[in-house]
Amino acid sequence: MEAPHNPAPVNSLDLTVTSPEQMGDLGRRLAKLLRPGDLVMLSGELGAGKTTLTRGLGEGLGVRGAVSSPTFVIARVHPSLSDGPPLVHVDAYRLGGGLDEMEDLDLDVSLPESVIVVEWGDGKVEELSDERLRIAIDRAVGDTTDEVREVTLTGVGERWAEADLTLLTA
């Protein structure tokens, strides 16, 4: 008889962000929760704030180099300026082949000592780790100047089951 499948523990938090500055602040607060080996998956429409969040995260981690969208280089490594983990920032938008194409980036090699942030990673990088933080950023679509974003953070796995995500609400 097959053992019953026990789904990974999940921990989630919903936030409302009203400006790019607040999105950057969220990234800086998130950096305090992250540690080497963490995989963060970002999803959201173009212009939702994924790179703004990652820029704040990079500032919070104290990494070298300006964090910008890696769309044309696919992945960019930002070494730590102190004793913290490097930030590996990946844009999987143009990668259609799932984990096969992602394997070419050797993210599994970088994962144990780095914080890896993957934009557009849904359905492409989940196999890298049973423990991951998924951040979905939703905004009003269409011709709008509305800066309001609904952000849902969902931690999957033992690593995130006990994480105090309420620290991000400050």
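Since the structure is predicted, the reported quantities are computational estimates derived from the model, not experimental observations. Worth knowing before you read on, the calculation uses all heavy atoms, side chains too, and leaves out hydrogens, waters and symmetry mates.
Distance OG1/Thr152 to CZ/Arg149: 14.0 Å, rounded to 0.5 Å. With rounding to the nearest 0.5 Å, the separation of CH2 in Trp160 from CG in Asp130 is 15.0 Å. Remark: Ile135 CD1 to Thr54 OG1 distance equals 8.0 Å, nearest 0.5 Å. To the nearest 0.5 Å, the span separating OG on Ser114 from CG on Leu61 amounts to 10.5 Å. The CG atom of Leu57 sits 10.5 Å away from the CG atom of Leu33 when rounded to the nearest 0.5 Å.
With sequence neighbours excluded, the residues that form a side chain to side chain contact (heavy atoms under 4.5 Å, CB included) with Asp164 are Thr166, Leu167. The salt bridge (Lys or Arg N to Asp or Glu O under 4.0 Å) search around Arg159 returns Asp38, not counting sequence neighbours. Contacts of Asp122 classified as side chain to side chain contact (heavy atoms under 4.5 Å, CB included), with partners at least two apart in sequence or in another chain: Met41, Ser43, Glu126, Arg134. Not counting sequence neighbours, the partners of Ser12 by the side chain to side chain contact (heavy atoms under 4.5 Å, CB included) test are Thr154. Checked against side chain to side chain contact (heavy atoms under 4.5 Å, CB included), Thr16 has the following partners two or more places apart in sequence or in another chain: Thr18, Val148, Glu150.
At least one donor-acceptor pair closer than 3.5 Å links the side chain of Lys50 to the backbone N or O of Glu45. Between the side chain of Ser129 and the backbone N or O of Arg132 there is no donor-acceptor pair closer than 3.5 Å. Between the side chain of Arg139 and the backbone N or O of Leu46 there is at least one donor-acceptor pair closer than 3.5 Å. Of the possible polar contacts, one joining the Glu131 side chain to the Glu158 backbone as a donor-acceptor pair under 3.5 Å is found. Proximity of a side-chain donor or acceptor of His78 to a complementary backbone N or O of Arg64 within less than 3.5 Å is detected. Although no hydrogens or angles enter the test, the distance criterion places a donor-acceptor pair under 3.5 Å between the side chain of Asn11 and the main chain of Ala163.
Contact annotation: the side chain of Val118 never approaches that of Leu42 to less than 4.5 Å [non-hydrogen atoms, C-beta and beyond]. Contact check for Val117 versus Val88: no side-chain heavy atoms found under the 4.5 Å cut-off. Put simply, the side chain of Glu119 does not reach to within 4.5 Å of the side chain of Val90, judged on heavy atoms.
Residues Pro85 and Ser80 approach most closely at O-CB, 3.8 Å, considering heavy atoms.
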Identify all side-chain donor-acceptor contacts of residues 23-32 below 3.5 Å with residues at least two apart in sequence or on another chain.
from  : atom 1 : to     : atom 2 : distance (Å)
Asp25 : OD1    : Arg28  : NH2    : 2.4
Arg28 : NH1    : Glu59  : OE1    : 2.4
Arg29 : NE     : Leu168 : O      : 2.9
Arg29 : NH2    : Leu168 : O      : 2.8

Take Val63 and Leu81, measure what side-chain contact (heavy atoms from CB on, under 4.5 Å) needs, and give me the verdict at the end.
CA-CA 5 Å; Val63 299; Leu81 292 171; 5.9 Å; no
